[in-house]
Amino acid sequence: MKIFPNMPSFKLHGKKALVTGASSGIGLGCAIAFAESGAEVTLASRNKKDLFEIHKYIKSQNWASKILPLDITNVEETAEMVSKNGPFDILLNSAGHARHSPSLNTIPGDFDAVMNVNLRGAYFLSQTVARGLVNIKKKGSLINISSQMAHVGGIERSVYCASKFGVEGFTKAMAIEWGQFGVRINTVCPTFVRTALTQSTFDDPEKHSWIMGKIKLGRVAEVEDIMGSVVFLASDAASYMTGAEVAVDGGYSAMGPEGHEPLMPQLMSLAE
């Protein structure tokens with residue numbers, strides 16, 4: 001008798017999810033996605049005021065959430081707070097920082113500020129969540145929001161690119177180590193996404209045109225475009241995926257070198 005496969009579930013009922021950077025943008029969208037998919041979502045951010053508003057909205061939908069004010073650059077405090085409130089079945093790390101400048105003008109303060117959030121903070125947060133799972137012999141899914149800039153270079157984005165290339169590197173190394181414990185870790189790599197922080201870029205006609213020249217789907221990415229990919233990675237439907245990067249970039253990174261304009265308008269001053 002033929003045996004037919006069963007479709008793995010995309011639902012997250014019974015799971016506890018930690019979302020950093022949850023107060024806005026991609027982090028907010030992912031928190032909503034997890035809550036709607038059945039997870040109990042712990043909203044983490046430095047912005048306490050917005051967390052309460054988001055928590056209120058989630059509760060109004062009869063979904064489950066908690067609030068955890070958190071600054072992932074404080075590695076020791078983060079480890080203590082996450083361990084106290086965990087273990088978490090799912091981590092979505094969307095906390096991020098950017099200080100763009102020509103590489104010839106980069107100053108150590110800007111370099112350290114970006115690395116402390118995007119690389120150091122993400123590394124030790126991943127470690128803490130994974131340790132909580134390993135200690136109780138429980139499987140889990142960790143997801144770091146990376147970037148298309150983890151796979152290509154960008155004008156005035158040397159520091160940001162370095163931080164995100166680093167995230168891809170440690171994610172793959174951790175995946176190799178933690179696979180034996182059933183702890184998966186992957187990245188999502190978005191293109192330029194319309195948020196409150198990026199709106200000024202899209203409002204600039206030259207920059208908007210430059211971006212759209214690289215996006216093969218012909219439209220700007222919205223937060224909603226990221227939500228499905230993170231639910232997939234968190235769910236049993238992605239149970240055989242680890243150490244992978246999911247590009248949500250409208251075809252940007254699929255384009256070969258001959259398709260890239262060498263410079264972005266208004267970002268051509270390398271040494272002023």
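Among the candidates N93, T187, T20, the single residue satisfying the side-chain hydrogen bond (donor to acceptor under 3.5 Å, both in side chains) test with N144 is N93.
Inter-residue side-chain proximity for W63 and Y57 is flagged as met; some heavy-atom pair is nearer than 4.5 Å. Contact check for P190 versus I26: side-chain heavy atoms found under the 4.5 Å cut-off. The shortest side-chain heavy-atom distance between S24 and N47 does not fall under the 4.5 Å cut-off. Looking only at side-chain heavy atoms (C-beta outward), Q148 and F192 come within less than 4.5 Å of each other.
For the 3.5 Å distance criterion, the side chains of N74 and D71 fail to qualify, holding no donor opposite an acceptor.
Applying the side chain to side chain donor-acceptor pair (under 3.5 Å) test to residues at least two apart or on different chains, the pairs with a partner in residues 221-234 are R194-E222, R219-D225. For residues 19-37, no residue pair satisfies the salt bridge (Lys or Arg N to Asp or Glu O under 4.0 Å) rule, not counting sequence neighbours.
The closest donor-acceptor contact from the side chain of R184 to the backbone of A238 lies under 3.5 Å. Using modelled atom types, no side-chain atom of N186 and backbone atom of I143 make a donor-acceptor pair closer than 3.5 Å.
Clustering ILVMFWY residues whenever any of their side-chain heavy atoms sit less than 4.5 angstrom apart, transitively, puts L92 in a cluster other than the one holding L133. Cluster membership check: I58 shares its hydrophobic cluster with I90, using side-chain heavy-atom separations under 4.5 Å among Ile, Leu, Val, Met, Phe, Trp and Tyr. Clustering ILVMFWY residues whenever any of their side-chain heavy atoms sit less than 4.5 angstrom apart, transitively, puts L91 in the very cluster that holds F170.
By the neighbour-count criterion of 12 heavy atoms within 6.0 Å, atom OH of Y123 is sparsely surrounded, having that number or fewer from other residues, nucleotides or ligands. Applying the 6.0 Å contact sphere to CD of E53 captures no more than 12 heavy atoms from other residues, nucleotides or ligands. Annotation: K216, atom NZ; neighbour count of heavy atoms from other residues, nucleotides and ligands within 6.0 Å is above 12. Heavy-atom neighbours of K66 NZ from other residues, nucleotides or ligands within 6.0 Å: at or below the threshold of 12.
Between V230 and F34, the closest heavy-atom pair is O-CE2, 3.6 Å. Across all non-hydrogen atoms, the minimal contact from T78 to I72 is OG1-CA, 3.4 Å. Taking every heavy atom of both residues into account, K164 and N118 meet most closely at CE-ND2, 4.1 Å. The minimum heavy-atom distance between A22 and S45, with the atom names listed, is N-CB, 4.2 Å. When all heavy atoms are compared, the tightest approach of L51 to I67 is O-CD1, 3.7 Å. The two residues V223 and G25 come nearest to each other via the heavy atoms CG1-O, 3.6 Å.
Using the six-membered ring where Trp is involved, F165 and H151 have ring planes that are tilted, between 30° and 60° apart.
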Apply the test side chain to side chain donor-acceptor pair (under 3.5 Å) to residues D249 and T191: give CA-CA distance (whole Å), side-chain angles for both, the deciding distance (0.1 Å), then the verdict. CA-CA 4 Å; D249 65 0; T191 184; over 6 Å; no
Does the pair E168 and S146 meet the rule for a side chain to side chain donor-acceptor pair (under 3.5 Å), with working shown? CA-CA 7 Å; E168 295 295 328; S146 181; 2.7 Å; yes
